[in-house]
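Below is one structure; the comments refer to it alone.
Note: hydrogens, waters and symmetry copies are ignored here, and every other heavy atom, side chains too, is used. Residue numbering restarts at 1 for every chain, and letters A, B, ... go by the order of the sequence lines.
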Protein chains: 2
Amino acid sequence: MDNYKIDQVALQSGLTKRTIRYYEEIGILPPPKRSEGGTRYYNEEHIELLKRIKYTKDALGLSLEELQHFIALSNLIESQKVSFKQTAERREQREKLLSIIDTLDEELILIEQKILKIERVKEDLTNLKKRAQAVIEKINLEEVK
Amino acid sequence: MDNYKIDQVALQSGLTKRTIRYYEEIGILPPPKRSEGGTRYYNEEHIELLKRIKYTKDALGLSLEELQHFIALSNLIESQKVSFKQTAERREQREKLLSIIDTLDEELILIEQKILKIERVKEDLTNLKKRAQAVIEKINLEEVK
DNA sequence: ATGAACGTTGACGTTAATGTTATATTAGTG
DNA sequence: CACTAATATAACATTAACGTCAACGTTCAT
């Protein structure tokens, strides 16, 4: 029936209950339905979103505030999926989508840059390794003498 | 003469004076020489290290504590560069270097994983973009009708 | 030798992102 | 229905990584 209580959600998303409520509080997780008594009931989408939040945050090292932007985009697109009949609305909708794409492009660029940075760090470490190996070589040569 | 005061170092490294002292305090920046009166005098290496710290931290999104490991390695290697004459010491040194290389390998693996994660996020965004474009297509088709 | 500019320590402040604890309700089971 | 386990809210605590400010000492160019 797609009704998960917070403990289940915590288990499946890998976040703590505190964190899940906090994410709702700061507005990055949409408030789930509540029972009569106030117990939160989540659905699959909540869980998926939480996983994505965690994953993206971890991968990019973003603050939750920065994450908002990332997360908001997919919702925006979903909300634009409904089709309208009137020409004016179609224009407006297309404009909106184009600006979403612009934003996406900017974020893709940011990600590219991040990858480049990481690869540079990787190179640094690789060089360190080479240096260490060189020193070992030197030691081995001395050994033979 | 290679003697930089903290203001210079801040300028060149892009960190604040507070941050530089803080890094010394928590042990990720080696204490520089001091003047009679207590003023810190840094050298090129300090500056290079600070730049690396900043860069690596930014690229990998590590906490300063996690960074310690990363940063410590290059110093370790430098300190092993001196060559010793005695066989026993050579063995010991080689062991140390080999273990350093092991650590480096582990960190390289971590970096690889990080890159993979980021690429997955990138894919997600790319898919979002495709979806947005698909919606636009649909709108355009309706237009023609 | 002096004053402006810079440096030092120390302490308290701040912000994000939770952890923890207490107290009160609620949900589900025998 | 009674009980136990889970949930809710609220409030205070914590940690990292600095920022800021005060009070005081140091440098150095004039």
| request: Mind running side-chain contact (heavy atoms from CB on, under 4.5 Å) on B:Lys129 and A:Asp105 for me, showing each step along the way? | output: CA-CA 8 Å; B:Lys129 189 177 163 185; A:Asp105 280 334; 2.8 Å; yes

| said: With a 4.5 Å cut-off on side-chain heavy-atom distances among I, L, V, M, F, W and Y, is there a chain of contacts connecting B:Leu110 to B:Ile101? | reply: no

| said: Going 5' to 3' along DNA chain C, which are the first and last nucleotides with any atom under 4.0 Å from a heavy atom of chain A? | reply: C:dA17 to C:dG28

| message | Assess, by modelled atom type and distance only, whether the side chains of A:Gln8 and A:Tyr42 contain a donor and an acceptor separated by less than 3.5 Å. | response | no

| task | For DNA chain C, determine which residues of residues 17-42 of chain A have any heavy atom closer than 4.0 angstrom to one of its atoms, and list them numerically. | result | A:Arg18, A:Thr19, A:Tyr22, A:Tyr23, A:Ser35, A:Gly37, A:Thr39, A:Tyr41

| query | Within 45° of the six-membered ring axis of B:Tyr55 and under 6.0 Å from that ring's centre, is NZ or CZ of A:Lys117 located there? | reply | yes

| query | Which nucleotide of DNA chain D is the first, and which the last, in the 5' to 3' direction, to come under 4.0 Å of a heavy atom belonging to chain B? | reply | D:dA17 to D:dC28

| query | According to a 4.5 Å side-chain heavy-atom criterion applied to Ile, Leu, Val, Met, Phe, Trp and Tyr, with indirect links allowed, do B:Tyr41 and B:Leu11 form part of one hydrophobic cluster? | reply | no

| Which sits closer to the 5' end of DNA chain D, B:Lys57 or B:Lys5, going by the nucleotide each is nearest to? | B:Lys57

| query | Do you know the tightest heavy-atom contact between A:Ser74 and A:Arg52? | reply | OG-NH1, 3.1 Å

| Under 3.5 Å donor-acceptor, A:Thr126 side chain and A:Lys122 backbone | yes

| task | Report whether B:Leu104 and B:Leu98 are members of the same hydrophobic cluster (ILVMFWY, side-chain heavy atoms less than 4.5 Å apart, transitive linking). | result | yes

| Is there a donor-acceptor contact under 3.5 Å linking the side chains of B:Asn140 and A:Arg90? | no

| said: I'd like to know if A:Lys57 and A:Glu66 make a salt bridge, using a cut-off of under 4.0 Å between side-chain N and carboxylate O. | reply: no

